[in-house]
Amino acid sequence: MHLFGLIGQPLTHSFSKRYFTEKFEQLGLTDYRYELFPLASINELPALLQANPSLLGLNVTIPYKKQVLPFLSASFLPEGLNACNCIRIRDSKTEGYNTDVIGFEKSLVPLLKTHHTRAIVLGSGGAAEAVLYVLDKLGIDHLTVSRKAAGNKIINYYDLSDELINSSTLIINTTPLGMFPLEDSLPSLPYELLTDKHLLYDLIYNPAKTAFLRLGEEKGASIKNGEEMLIIQAEESWKIWNA
Ligand code: NAP
């Protein structure tokens, strides 16, 4: 048995099990399985590994991408990036990787125009780490908006000025607001200020068009959901598990 899976909580929104199950079927890998492992706490990870010696790889999702770091035997994360969404398991050792970075970068770059020089990133969790890493790499200036604003380049939602919205034509949602089954929720933004110069990128892929994207589109903004990023990061995880 070759076992792979996803850890997180809750896992109701998971696409990965369906994606990898179909992949294994297409490749004729009859003794491969991908399972969901909802963990009430990341402290349950060692017991999960012990109970499943055939586990070869895990994906990590909300809310454990940062919390999982102390549980890694070795880290292959890009320097300065403190979030892991992919674990390779060999001889009971856990190797941490981040495939969100390549997924976000490859899906964003073709959409960028010359005026996308400043970005607003909504949320400061695990996925935001990958987003900020890519923005730095691309030389796009950025500001994070967090409910618990503190520190350099982080502000609260009520500090978002008209000037900031006007000048930050790339807005990226890394919060779970709008994700199934809470499809009516959305980040608190002055949507009326959005224009056709704005590009709204939502890391959420279910539903395909969140309220955040819908309101942006109504104002003429370009929109992108998280599906392509998801597929790229899944394929990158598959490569790492097979390396
Ligand atoms: P996470 O670590 O829990 O971070 C989410 C962040 O969103 C939190 O740190 C928080 O930031 C903010 N947030 C949470 N609840 C909120 C609320 N009620 N109101 C406002 N802000 C809230 O989760 P994650 O792993 O980064 O994932 C975030 C989202 O991205 C999920 O929807 C996930 O499915 C999606 N995602 C998609 C892909 C893809 O490939 N498409 C990859 C990764 C993640 P503050 O506390 O700073 O406000």
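Indexing begins at 1, ligand by ligand and atom by atom, following the structure's order. Both backbone and side-chain heavy atoms feed into the values below; hydrogens, waters and symmetry mates do not.
Where the criterion is an N or O separation shorter than 3.5 Å, residue side chain and backbone included, Ala127 meets it with respect to ligand 1. Residue-to-ligand polar distances place Leu203 within reach of ligand 1: an N/O pair is separated by less than 3.5 Å. Taking distance alone, with nitrogen or oxygen atoms compared against 3.5 Å, Glu227 stays at or beyond that limit from ligand 1. At least one N or O atom of Gly126, backbone or side chain, sits closer than 3.5 Å to an N or O atom of ligand 1. The N/O atoms of Lys148, backbone and side chain alike, include one that comes under 3.5 Å of an N/O atom in ligand 1. Of the N or O atoms in Gly123, none lie within a sub-3.5 Å distance of an N or O in ligand 1. Distances between N or O atoms of Ala128 and those of ligand 1 include no value under 3.5 Å. Remark: ligand 1 and Ser124 share an N or O pair separated by less than 3.5 Å (distance only, no angle test).
Here Asp100 has side-chain heavy atoms under 4.0 Å from ligand 1, and that is the only part of it that gets that close.
One finds no salt bridge joining Glu192 and Lys219 here, because no Lys/Arg side-chain nitrogen approaches an Asp/Glu carboxylate oxygen to under 4.0 Å. Residues Lys209 and Asp202 are not paired through a salt bridge, judged by the lack of any N-O separation under 4.0 Å between the basic side chain and the carboxylate.
Within 6.0 Å of atom CD in Glu218, more than 12 heavy atoms from other residues, nucleotides or ligands are found, so the atom counts as buried in its surroundings. Within a 6.0 Å radius of CG in Asn242, other residues, nucleotides and ligands contribute more than 12 heavy atoms.
In the candidate list Asn156, Thr174, Val121, Thr174 is nearest to atom 29 (C) of ligand 1, counting heavy atoms. Atom 20 (C) of ligand 1 has its nearest heavy-atom neighbour, among Glu228, Glu129, Arg147, Gln67, in Arg147. For the residues Lys65, Met229, Met179, the heavy atom positioned nearest atom 31 (C) of ligand 1 is part of Met179. With Ile62, Thr144, Val131 as candidates, the residue nearest to atom 1 (P) of ligand 1 on a non-hydrogen basis is Ile62.
Side-chain atoms of Ser124 and Thr144 include no donor-acceptor pair closer than 3.5 Å.
Between Phe76 and Tyr97, the ring centre distance stays below 6.0 Å. In this structure, Tyr201 has its ring center closer than 6.0 angstrom to the ring center of Phe104.
Taking a cut-off of under 4.0 Å to the non-hydrogen atoms of Ile204, the atoms of ligand 1 that pass are 32 (O). For ligand 1, the atoms sitting less than 4.0 Å from at least one non-hydrogen atom of Ser146 are 45 (P), 47 (O), 48 (O), numbered in the order shown with element in parentheses. Contact atoms of ligand 1 toward Tyr205: 41 (N) (distance under 4.0 Å to a heavy atom of the residue).
A parallel orientation is assigned to the rings of His2 and Tyr32, their planes being inclined by less than 30° (bins at 30° and 60°). Taking the six-membered ring where the residue is Trp, Trp238 and Trp241 present perpendicular rings, their angle passing 60° and hence far from 30°.
With hydrophobic clusters built from ILVMFWY side chains whose heavy atoms lie under 4.5 angstrom apart, Leu58 does not share a cluster with Leu56.
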